[in-house]
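Have a look at the structure below, then the notes.
Starting from 1, each residue takes its place in the sequence as its number. Just so it is clear, the values below take in all heavy atoms, side chains as well, and ignore hydrogens, waters and symmetry mates. Computed from a prediction, not measured in an experiment: that's the story for all the values here.
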Amino acid sequence: MGREDGDMPDSLPTIPEEVFAKGYPNLAFHEDKKPQERMTEGQPTVDTECKPKKGLGRKKKEPAKAVGFFQLFRYATGCEVLLMIIGLLCAALHGIALPLMCVVFGQMTDSFVQSGQQLNLTGTYSMSEYISSIYPKCNVHAYYFIGIGCAVFLLGTFQVMLFLLTATKQTKRIREKYFHAILHQQMSWFDTHQIGVLNVRLTDDINTINEGLGDKICVFVQFFCTFLSGFIIGFIFGWKLTLVILAVSPLLAGSAAVWSKILATLTSKELSAYAKAGAVAEEILVAIRTVVAFNGQKKAVERYERNLEEAKNFGIKKAITTNVSMGFTQFVIFGTYALAFWYGTKLSVDEPENYTIGKTITVFFSVMIGAFSLGQGAPNLEAIAKARGAAYEVYNTIDQPRPIDSSSKEGHKPDCVKGDIEFKNIHFSYPSRKDVKILQGVNLTVPRGKTIALVGASGCGKSTTIQLLQRFYDPDSGEITLDGRDIRTLNVKWLRENMGIVSQEPVLFGTTIAENIRYGREDATDEDIERAVREANAYDFISKLPDLNTMVGERGAQLSGGQKQRIAIARALVKNPKILLLDEATSALDTQSESVVQAALDKARAGRTTIVIAHRLSTIRTADVIAGFSNGEVVEQGTHRELMAKKGVYYSLVMQQLEVGNEEGIENGGFEKNSISSGRVEMKTTRRKSKKDKKKPDEAPDIPFTRILALNKPEWPYMLVGTLSSLVGGAVYPCVAIIFAKIIGVFSEVDPEVKRQKTMMFSLLFLLIGGVAFVTYFLKGYMFGKSGELLTMRLRRQVFHAMMRQEIGWFDDNNNAVGVLTTRLATDASLVKGATGSRLGLATNTVCALTIAIVVAFIHSWQLTLLILACVPFLIGANFIQMRAMAGHASKDQGALEQSGKISTETVENFKTVVGLTREDVFFHKFMDSLERPYQNGLVKAPIYGLTFAVAQAIPYMVNAAIFRFGSWLIAHCHTEYENVFLVFSVIIFAAMNIGESASFAPDFAKAKAAAGRILGLLEKKPEIDIYSEEGEKPTDFVGDIEFRGIHFAYPTRQNVRVLQGLNVSVGPGQTLALVGESGCGKSTSIQLLERFYSPAEGQVLVDGLDTKTLNLSWLRSQLGLVSQEPILFDCSISENIQYGDNSREVSQDEIEEAAKNANIHDFIMGLPEKYNTRVGDKGTQMSGGQKQRIAIARALVRQPKVLLLDEATSALDTESEKIVQQALDAARQGRTCIVIAHRLSTIQNADQIAVIQYGQVTEQGTHTDLMAKGGAYYALVNAQVNH
């Protein structure tokens, strides 16, 4: 009652005209004809459905960005608008019920008071006359009450049900449109938007919009009509008194308007502040292996925490604002009581013919309930204001003009593609870094059916040309033509469908092999898939799996690089494209796979226009044309022979590779069969496992309230003060009720003078209570607000801290996919807040109010009190049903939305692949399907919730009928006086109002308990490999002697696949050990065991003779420098990325530059406009592969590790960079123990020891010359590469 935190009465009187008189539809739907015509011609069809654009334009000037109120409903269909209007009408009629009740109440009071006055005056009034005078009137009044109650029941059901139905439908539509819009944005939009932020928007912000679209609006209208009808009745029954009461209202209105303004601003700021932290969390979780390897947990948690601080401060400001406004409102309301009763008495003395007590009460109550209902409507407005703030970004994205849109039907779709491609004078720079020119006038012709190879150093614009051809970007100037047509005139989707692309790091999706291939072409039959698989030489390894429906794991994690690559090739071939784009398609493979894949590609190229980018020049000798790139231009083109004769760019690249050793591009390959057969079992388990896992996450353990409170322990002083002020606040309403009854009692006094004095005294008491209410509200709100925000921040930090602490195996589990974890961080902590402080306060408040009320009531009339208490279960029951209806759905929704969060994260993170395959629609439909269940739940929930709401609203009317019918009987039979009837009634009703308000917080509690359960579960989970533990030795004289002894190992998510089966290998201090063997044989696994990402099942990893399990974990990791095959960089500056190598201290700029020089990237960095402060983009996307790799090497060198682990550190580089990086690595190896994994055998010839791994064991070991002489597995590998 009186929760006036966000109402805006100043603007309120204008709403009803819009809603009722002019008719709701005209505003939202009739004025937007003009804006639609203004839309650009190239706009995709989707956008045309968007309703008015005007709101966005108008609102942009304000500091708080929000969409207009009617804008919020722009996605409602005509039918839904009609349902909402019906809902609003029901709500409006429902709103009139309370003031009507006041009229009945007033008439009844009059009949009581008259009887009382007659008794007072005459005293000789016969009993039978008394009964006959009072009883019939009261009966009629009781029936009125029942009639109103039935009407309320019907109207209440419909108003809530209709609104929830339409909200569910609209929210689903908005989610779909937003996801659709994201899927069809152009690449440049993704370069500037963080992926994490998009996922927060898809979950949190759209949930906020859903809240605002739901029953909040009709409930607000209901309260608003109560407000209007209350005042109208007030003027009819007594205009003087009404005007006096109204004189106070500008105060209320003014303060409320100011508060709601401030609130809206703070809300949108708070949302964006958390979105930043969410993006940080996502980036760190995606790169968890890197973070852990570099002991970056502490830094990660600190970085996350820094971003939380801001959100917390906004939250506290918001709590203070809200509660000051609520307290002030209370004060003004009680002041109004005082004024009204004092003036009402004066009037009834001065003009008894117009003002009886009944009329005074009718006027006062109608006006008071009117004013109150504004206060109750206010929180609903807050939900709408929040929704408007959240909708701003979401709708903005949906409205973004999309010049390159694959969903558009426009553009030419030629019947056949011949495949002549021409680049004419192309200039281009990435939109996110306009100042760096990538292409500077590229001219290139690719005749149909021919293969053209692009060569050049990394970063010279080779991949960029392919991206331009796919129309990921449009060139700044110049044009690209296909069969003589500018590709900008062609239909985007058609263009991409006619191209098959295989890129350097192929992205597979977390589904089956067949599905992954089918992403190439939706209508592919099983035969087509099989054909593509054979063409891609993947048939052998797939045939050893159970079937094509084997799962590949998140991002294809269950397959080796070569296997992934071949599935990606099959995916490109299944659409039988006329144009094939191969961006480094074989660089990540070992020799044997490479020769197989290369053969597949040569087969695939036949009769297709092919553009190849390759660093290994041996793979492109056979190309029809080779084009050499340098500094963004094509400097030479011709066949291998011609260019060799020219001695230009190409010649120098080839010579460099030959120097590297004439087994150029040598790689270690060999025994594919093993990785596949192991693959087979591996897949089965994942499949089984993921089915099992699905059941777990929904059932969070049930947690007692005390445990949840304990989370808030550090804030106990705040909680204490808050609870005490709640206690005092609880007494406010019973006191009001007592004074109120006393004032009615005054009216039966016959002497006007006595009347005056008594009312004066009671009025002043009202004022005093108002002051108390203000103070308690403010204290309560501030204390709980502050403790709540501190708790949210601490929980988020702890949860994130706990996530950082988990072992890598935990992240491999599907239930802990990045999307799921970020959703948890965003929502769970803020849900728990609702369950601690404010809830405790409400409980205290309620208990206090109830105790006082019942004691007072029993003293004054025990019979009536018993009747009322008999009715209380009904009142509470109604509220309880309403609570349960909401709570049951809390956990269901959570699970379903996490599923859609997973899909959206996977899609958005691998956006380039999705777009290149033109599979936006498939993912869009997957996303839509995942929304289907929560949507159906929502539709079922609406009528249930409507009914429970209506029951809760109607029962009080029935109870009133019973009470007054019995009260009149008691008075008539002289069991009590009428003053006592009022006292008992008002004391209990006021207390019930208070409790009703508390109960309205319940829905939060169900969700909060579930969230708290999940959080505590995570906080208590102690991993086996605990990075935070201080235990373990920290040897001072570490030399770097490493030994793997009898290691057996299987990945936790697929326990029955033995990756290592008795691995024995050692390397002495300062020596270099090279591990070779085909993909999937366990080379990288051994490095992960040394880093202690996992623990071996049996056997020991020894460092200087000590088992790594006995060593301090962070000490161990700080001795190791890791450079992996696909290095992950963070979205910050280059210097910060290099500093990340050593998180135990502040790394100076000199050290950074030294490391950069050693990694041979210093000169490149100095050439950038912002030098070391250049941002590298999300996951390092602004850098080429070679540049990323060298930054990663600098990062590993900066910590001066004793042991260097190089997992394929140069495989992704072109020759020039490779040679440079190789020198850098050779220099870095000096005096360090080094473990190298390489496919190109030329890079490891000078290793001290070479170990060939097969079937998870070492089959032979020795130096290059020893092994060559032996003529075993290694010899076979080298030969394969040489012949190749």
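At distances below 3.5 Å, not a single donor-acceptor pair connects side-chain atoms of Asn491 with backbone N or O atoms of Lys413.
His184 and Arg402 make their closest contact through O-CD, 3.1 Å (heavy atoms, listed as atom of the first residue, atom of the second, distance). When all heavy atoms are compared, the tightest approach of Ile626 to Leu643 is O-CD1, 3.4 Å. Closest approach of Phe927 and Ser904 over heavy atoms only: CE1-CB, 4.1 Å.
Counted within 6.0 Å of NZ on Lys575, heavy atoms from surrounding residues, nucleotides or ligands total more than 12; the atom is thus considered enclosed. Shown here is Lys450, whose NZ atom has no more than 12 heavy atoms of other residues, nucleotides or ligands within 6.0 Å.
With a 4.5 Å cut-off on side-chain heavy atoms, His640 and Met644 count as touching. The closest side-chain heavy-atom distance from Thr913 to Arg571 is below 4.5 Å. Between Ser463 and Leu454 there is no side-chain heavy-atom pair separated by less than 4.5 Å. Contact check for Asp528 versus Arg531: side-chain heavy atoms found under the 4.5 Å cut-off.
Using a 4.0 Å cut-off between charged nitrogen and carboxylate oxygen, Glu530 and Arg534 count as a salt-bridge pair.
Of the options Asn910, Val914, Asn516, a side chain to side chain contact (heavy atoms under 4.5 Å, CB included) to Val507 is made by Asn910 and by none of the others.
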Let me see the working for Asp191 and Ser188 under side chain to side chain donor-acceptor pair (under 3.5 Å), right down to the final yes or no. CA-CA 5 Å; Asp191 295 343; Ser188 54; 5.9 Å; no
Would Val417 and Trp494 count as a side-chain contact (heavy atoms from CB on, under 4.5 Å) if you check the C-alpha gap in whole Å, the side-chain angles of each, and the deciding distance to 0.1 Å? CA-CA 10 Å; Val417 186; Trp494 175 89; 3.5 Å; yes
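Among pairs with a residue in residues 515-534, those fulfilling ring pair (Phe, Tyr, Trp, His ring centres under 6.0 Å) read Phe509-Tyr519, Tyr519-Phe923, at least two apart in sequence or across chains.
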